[in-house]
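In what follows, every chain begins at residue 1, and chains take the letters A, B, ... in the order their sequences are listed.
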Number of protein chains: 2
Amino acid sequence: MAQQLEPHRALGEKFESWMQFDFDATRCPVRNLLDHIGDRWSILILSALAGGPKRFSALARAVPDISKRMLTQTLRRLQSDGFIDRDVQPTVPPQVTYSLTPLGKSLAAPLLTLIDWAETNFASVVEARQKMAEAA
Amino acid sequence: MAQQLEPHRALGEKFESWMQFDFDATRCPVRNLLDHIGDRWSILILSALAGGPKRFSALARAVPDISKRMLTQTLRRLQSDGFIDRDVQPTVPPQVTYSLTPLGKSLAAPLLTLIDWAETNFASVVEARQKMAEAA
DNA sequence: GATATAAGGTCTCTAAATGAGACTATGTCA
DNA sequence: TGACATAGTCTCATTTAGAGACCTTATATC
């Protein structure tokens with residue numbers, strides 16, 4: 001026996017422990033996080049801001065296929081979760097700059113491991129999809 | 001200067017490199033992965049299966065607030081992406097067992113880092129939300 | 001002077017995704 | 001005979017997301 005649990009076994013045990021929250025997604029840290037950043041845009045926006053502060057329109061350009069509506073909505077939620085700061089300069093027109101908080105920056109490390117996985121394993125996923133498509 | 005880039009800087013540079021895919025989410029590995037497992041259920045189901053193979057009804061019990069419809073849909077997609085295997089025993093009624101593939105198991109490690117982050121930083125997120133709520 | 005553009009959004013309308021729950025087939029158990 | 005279980009599918013209602021017009025004020029252009 002290895003003294004270190006294989007990752008997927010460890011993940012299985014974690015999952016069991018989530019049961020203690022009665023699957024109340026608001027109380028379980030993991031489900032809560034997934035509900036907040038587990039969408040199409042949050043991770044993208046956090047990544048865009050990881051390079052440095054950006055203004056609203058710069059973010060819209062950086063993620064061209066997001067609508068203003070969803071950009072606003074996602075920024076508001078990331079802000080209220082403490083991942084980003086919103087700084088308004090009271091000029092006319094106003095200038096609003098968004099930046100990562102220390103908490104937001106701390107999320108970068110785990111996101112990177114996920115992103116590295118995606119980059120190295122993308123080919124396998126594409127291959128699996130092709131096999132499924134052929135079988136059908 | 002540290003020879004190792006800070007994680008959030010590294011993430012920022014990754015983001016820039018995604019531009020080369022013209023923000024075509026089907027070709028960018030990261031956007032592609034996010035579109036497929038970045039939803040409310042996929043990670044939960046993968047985690048449930050990390051503890052070992054499970055049948056359809058066992059998964060439904062393990063994740064009580066998922067509808068059968070979404071459970072079926074999510075399982076199909078995880079299967080076609082090569083994360084899980086689907087094994088049908090032609091008994092009556094049929095018994096269908098789902099299990100992680102090696103690819104699915106390999107995703108456990110990066111997921112764990114994200115989950116560990118969620119567990120250790122949940123308090124900060126809750127605190128941020130309270131501050132925002134008070135300010136409003 | 002009229003028009004265009006920019007900022008950072010909001011608002012409305014439509015389209016897509018999701019959730020709830022009824023319904024299916026066949027067999028075992030009481 | 002009726003109830004229950006398996007692994008889903010199907011329909012309908014609700015929720016969420018996307019597209020794009022619109023807002024305010026100021027500066028630049030024609």
In this structure, how many angstroms lie between the [atom2] atom of [N] and the [atom1] atom of [X], rounded?
{"X": "A:Ile66", "N": "D:dA17", "atom1": "CD1", "atom2": "P", "value": "11 Å"}
{"X": "A:Asp65", "N": "D:dG20", "atom1": "CG", "atom2": "C1'", "value": "16 Å"}
{"X": "A:Gln73", "N": "C:dC11", "atom1": "CD", "atom2": "C1'", "value": "13 Å"}
{"X": "B:Met70", "N": "C:dG21", "atom1": "CE", "atom2": "C1'", "value": "16 Å"}
{"X": "B:Asp35", "N": "C:dA16", "atom1": "CG", "atom2": "C1'", "value": "14 Å"}
{"X": "A:Leu71", "N": "D:dG20", "atom1": "CG", "atom2": "P", "value": "17 Å"}

*Is the side chain of A:Thr74 donor-acceptor paired with the backbone N or O of A:Leu71 at a distance under 3.5 Å, no angle test?*
no
*Under 3.5 Å donor-acceptor, A:Lys54 side chain and A:Ser99 backbone*: no
_For A:Val92 and A:Asp39, find the nucleotide of DNA chain D closest to each by heavy atoms; which residue's nucleotide sits nearer the 5' end?_
A:Asp39
*Cut-off 3.5 Å, side chains only: do B:Thr113 and A:Thr113 have a donor facing an acceptor?*
yes
With respect to the phosphate group of [N], does any side-chain polar atom (N or O) of [X] fall under 4.0 Å of OP1 or OP2?
{"X": "A:Arg69", "N": "C:dT12", "value": "no"}
{"X": "A:Trp41", "N": "D:dG18", "value": "yes"}
{"X": "B:Arg40", "N": "C:dA17", "value": "no"}

*asked:* Please determine whether a side-chain nitrogen of the Lys or Arg among A:Glu119 and B:Lys14 lies less than 4.0 Å from a carboxylate oxygen of the Asp or Glu.
replied: yes
*Ring centres of A:Phe15 and A:Trp18 under 6.0 Å apart?*
yes
Nucleotide N/O of nucleotides 4-9 of chain C paired with protein N/O under 3.5 Å:
from: C:dA7; atom 1: OP1; to: A:Ser57; atom 2: OG; distance (Å): 3.4
from: C:dA7; atom 1: O3'; to: A:Arg55; atom 2: NH2; distance (Å): 3.0
from: C:dA7; atom 1: O3'; to: A:Pro94; atom 2: O; distance (Å): 3.4
from: C:dG8; atom 1: OP1; to: A:Arg55; atom 2: NE; distance (Å): 3.1
from: C:dG8; atom 1: OP1; to: A:Val96; atom 2: N; distance (Å): 2.9
from: C:dG8; atom 1: OP1; to: A:Val96; atom 2: O; distance (Å): 3.4
from: C:dG8; atom 1: OP2; to: A:Ser57; atom 2: N; distance (Å): 3.1
from: C:dG8; atom 1: OP2; to: A:Ser57; atom 2: OG; distance (Å): 2.9
from: C:dG9; atom 1: OP1; to: A:Arg76; atom 2: NH2; distance (Å): 3.2
from: C:dG9; atom 1: OP1; to: A:Arg86; atom 2: NH2; distance (Å): 2.4
from: C:dG9; atom 1: OP2; to: A:Tyr98; atom 2: OH; distance (Å): 2.6
from: C:dG9; atom 1: N7; to: A:Lys68; atom 2: NZ; distance (Å): 3.3
from: C:dG9; atom 1: O6; to: A:Lys68; atom 2: NZ; distance (Å): 2.9

*Looking only at non-hydrogen atoms, find the nearest pair between B:Arg77 and B:Ser42 and report the distance.*
NH2-OG, 4.5 Å
